[in-house]
Number of protein chains: 2
Amino acid sequence: MQGMTTDKTRALRADAQRNRDRILDTAEQYFSEHGVSGSLDAIAKQAGIGAGTLYRHFPNRETLLAALLTARDDALVARRDHLRGGSVNAADALDGWLDAITAWAGAFAGLPEPLRAATTTSSSPLSVTCQGFITTTEEFLQAAQDDGSARRDVRARDLFLAALATSWVRGAALADDASAAALAELTRNGWATTRPARAVDDR
Amino acid sequence: MQGMTTDKTRALRADAQRNRDRILDTAEQYFSEHGVSGSLDAIAKQAGIGAGTLYRHFPNRETLLAALLTARDDALVARRDHLRGGSVNAADALDGWLDAITAWAGAFAGLPEPLRAATTTSSSPLSVTCQGFITTTEEFLQAAQDDGSARRDVRARDLFLAALATSWVRGAALADDASAAALAELTRNGWATTRPARAVDDR
DNA sequence: CGATCTAACGGAGAGGCTCTCCGCATCGAC
DNA sequence: GTCGATGCGGAGAGCCTCTCCGTTAGATCG
């Protein structure tokens, strides 16, 4: 609207860009090791920058998390496009999509919590991401409902939350992966219209 | 085994007992208002005692929480006994029990989190409580399986976690009670053997 | 009803966290 | 090379959890 700014916000200064990347790299590793509640100051120190720099780039934990996650969005988007391809039936597509979300939400220990919060807050940088995924869920659900393989009284938002919840349970049960699978199965039985003939081991 | 101690640990000194009660009362109120993450020091101050006193009685947040919850166990136990009475069929009994757990886990904002952790940690004061409830769930599930109203491939532990998860979702969706109900319904559809004829509004 | 012996108290403070503020260094356009 | 504008970094404020230990005050006993 007014100057030579490169598109949106003006391009970052070289050092700023370098620091931003450093932070992202370090945070990715740090959160992987310590979960999303790891100390931000520790990340700054490990990245070799001052705390102020970190907080200027990412005013709070959520913003940092959001930046980290959009970098990972690609995988999910790819999965979505593959499922959209139509190589599987609507029910399996929805199932696969929910599975992908569950896996995505498990990227870091403790991640489901802020995601859940973002789902309802709408004022968090994460909420945009979540909203987008809910919309996609809507799309898959719609298709499954249209061909009669999903109950009509389920809402996409709730399926999304169920996927988050499954991931949340998994976070606890390090010792017991079966629980997460069981919950996912429970969910599928919940939204599907047909009695599942397949055994529990299928998933 | 050795003295005039009243049964287990020797009886508390009068002031100690008084302080303990004060803490419990204050914490109950404080957690209700601020969620389970509220400041413990603030509770001590509000209770009119020193921080040291609080931490001597309850070495950490979990211990305090556990004490608070056992005080509430009664309601749940009562519910259990009522359901055991046999006035309803096995499926509804299981359903009612899971509902009771969900409500119980919603006593304070953020409570599901430590409960989930306790479910797998086994070294937390909360885990005893959780384990007890899982056992009861087992009992109701068994009955429902025996009369053919619950699938055989579900485990009590997973139903318990599902109830916790439902409560967890509700915690987020202050604006949207429907989500919690939807999840509960999803769960029921998940474990029940019969296609639910009833509409979603029934729950 | 003191005297005495402990159990229990309370708050200062260590250590860790989030986040802000602002003097200073550095970048990059000219 | 000069000179804004932009970005850096770390000291420190404020809050939290939890500990330590000198002091207080129940309980018990002659």
Side-chain angles (χ1 to χ4, degrees), chain A residues 2-6 8-27 30-31 33-68 109-110 113-114 117 124-125, chain B residues 2-6 8-27 30-31 33-68 109-110 113-114 117 124-125:
Chain A
Q2 64 136 330
M4 306 260 83
T5 60
T6 12
K8 274 197 167 159
T9 64
R10 94 170 39 206
L12 285 176
R13 227 171 66 176
D15 54 348
Q17 182 63 54
R18 183 163 17 95
N19 280 330
R20 188 170 197 280
D21 292 346
R22 257 222 225 313
I23 294 170
L24 250 20
D25 281 354
T26 310
Y30 201 87
F31 283 155
E33 278 176 33
H34 302 83
V36 295
S37 307
S39 156
L40 295 189
D41 270 28
I43 291 175
K45 185 175 289 185
Q46 189 171 316
I49 61 166
T53 301
L54 188 154
Y55 283 97
R56 189 161 353 86
H57 282 284
F58 307 100
N60 53 52
R61 190 180 300 270
E62 297 227 316
T63 314
L64 176 54
L65 231 32
L68 239 31
E113 185 70 44
S124 150
Chain B
Q2 66 137 325
M4 306 261 83
T5 60
T6 12
K8 273 199 169 156
T9 65
R10 94 168 39 203
L12 288 176
R13 226 170 66 176
D15 53 350
Q17 183 64 54
R18 184 167 13 97
N19 281 329
R20 188 171 198 280
D21 292 346
R22 255 219 226 319
I23 293 170
L24 251 19
D25 281 355
T26 311
Y30 201 87
F31 283 155
E33 278 175 35
H34 301 84
V36 295
S37 308
S39 156
L40 295 189
D41 269 29
I43 292 175
K45 185 175 290 185
Q46 189 170 317
I49 60 167
T53 301
L54 188 155
Y55 284 97
R56 191 163 350 86
H57 281 284
F58 307 101
N60 53 51
R61 191 179 298 271
E62 298 229 313
T63 314
L64 176 53
L65 231 33
L68 239 31
E113 185 69 46
S124 148

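Computed from heavy atoms alone, side chains included, the values below leave out hydrogens, waters and symmetry copies. Proteins come first, then strands; the chains are lettered A, B, ... in the order of their sequence lines, and each starts at number 1.
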Visitor: Where each residue is assigned the nucleotide of DNA chain D containing its nearest heavy atom, which of A:A16 and B:N60 is assigned the position nearer the 5′ end?
Guide: A:A16
Visitor: Looking across every strand, which nucleic acid part, if any, lies under 4.0 Å from A:D15 by heavy atom: base, sugar-phosphate, or nothing?
Guide: sugar-phosphate
Visitor: Considering non-hydrogen atoms only, spot the tightest contact between A:A47 and A:R22 and give its length.
Guide: O-CD, 3.0 Å
Visitor: So, for B:I23 and B:L54, which heavy atoms are closest and what is the spacing to 0.1 Å?
Guide: CD1-CA, 3.8 Å
Visitor: Please name all residues satisfying ring pair (Phe, Tyr, Trp, His ring centres under 6.0 Å) with B:F58, sequence neighbours left out, ordered by chain then number.
Guide: none
Visitor: A:F58 CZ to D:dG7 P: how many Å, rounded?
Guide: 13 Å
Visitor: So how far is it from A:L65 CG to A:F31 CZ, rounded to the nearest 0.5 Å?
Guide: 5.5 Å
Visitor: Specify the closest pair of heavy atoms between A:A42 and A:S39, including all atoms of both residues, with the distance to one decimal.
Guide: N-OG, 3.0 Å
Visitor: Taking OP1 and OP2 of D:dC8, is either one under 4.0 Å from a side-chain nitrogen or oxygen of A:H57?
Guide: yes
Visitor: If the cut-off is 4.0 Å, is B:S39 near the phosphate of D:dT17, judged by side-chain N/O to OP1 or OP2?
Guide: yes
Visitor: Return the value, rounded to whole Å, for the distance between atom NZ of B:K45 and atom C1' of D:dG14.
Guide: 12 Å
Visitor: Taking CG from B:L12 and P from D:dA27, how many angstroms apart are they, rounded to a whole number?
Guide: 11 Å
Visitor: B:H34 has an atom NE2; how far is it from atom C1' of D:dC16, in whole Å?
Guide: 14 Å
Visitor: Starting at CZ of A:R56 and ending at P of D:dA5, how long is that distance when rounded to a whole Å?
Guide: 17 Å
Visitor: Measuring from the side chain of A:R13 (C-beta onward, heavy atoms only), which nucleotide among D:dG26, D:dC18, D:dA5 has the closest atom?
Guide: D:dA5
Visitor: Please identify the 5'-most and 3'-most nucleotides of DNA chain C with any atom under 4.0 angstrom from a heavy atom of chain A.
Guide: C:dC17 to C:dG28
Visitor: Between C1' on D:dG26 and CG on B:N19, what's the gap in Å once rounded to a whole number?
Guide: 12 Å
Visitor: Contact class for A:A51 vs. all strands (heavy atom < 4.0 Å): base, sugar-phosphate, or nothing?
Guide: base
Visitor: Whole Å only: how far is the CD1 atom of B:I43 from the C1' atom of D:dC18?
Guide: 14 Å
Visitor: I need the minimum non-hydrogen distance between B:G50 and B:A44, along with the two atoms involved.
Guide: O-CB, 4.0 Å
Visitor: Taking all non-hydrogen atoms of both residues, which atom of B:V36 and which atom of B:R61 are closest, and how far apart?
Guide: O-NH1, 2.6 Å
Visitor: Closest-nucleotide mapping onto DNA chain C: is A:G52 or A:L40 further toward the 5' terminus? I mean the 5' end.
Guide: A:L40
Visitor: If each of A:R61 and A:T53 is mapped to the nucleotide of DNA chain C with the nearest heavy atom, which maps nearer the 5' terminus, i.e. the 5' end?
Guide: A:R61
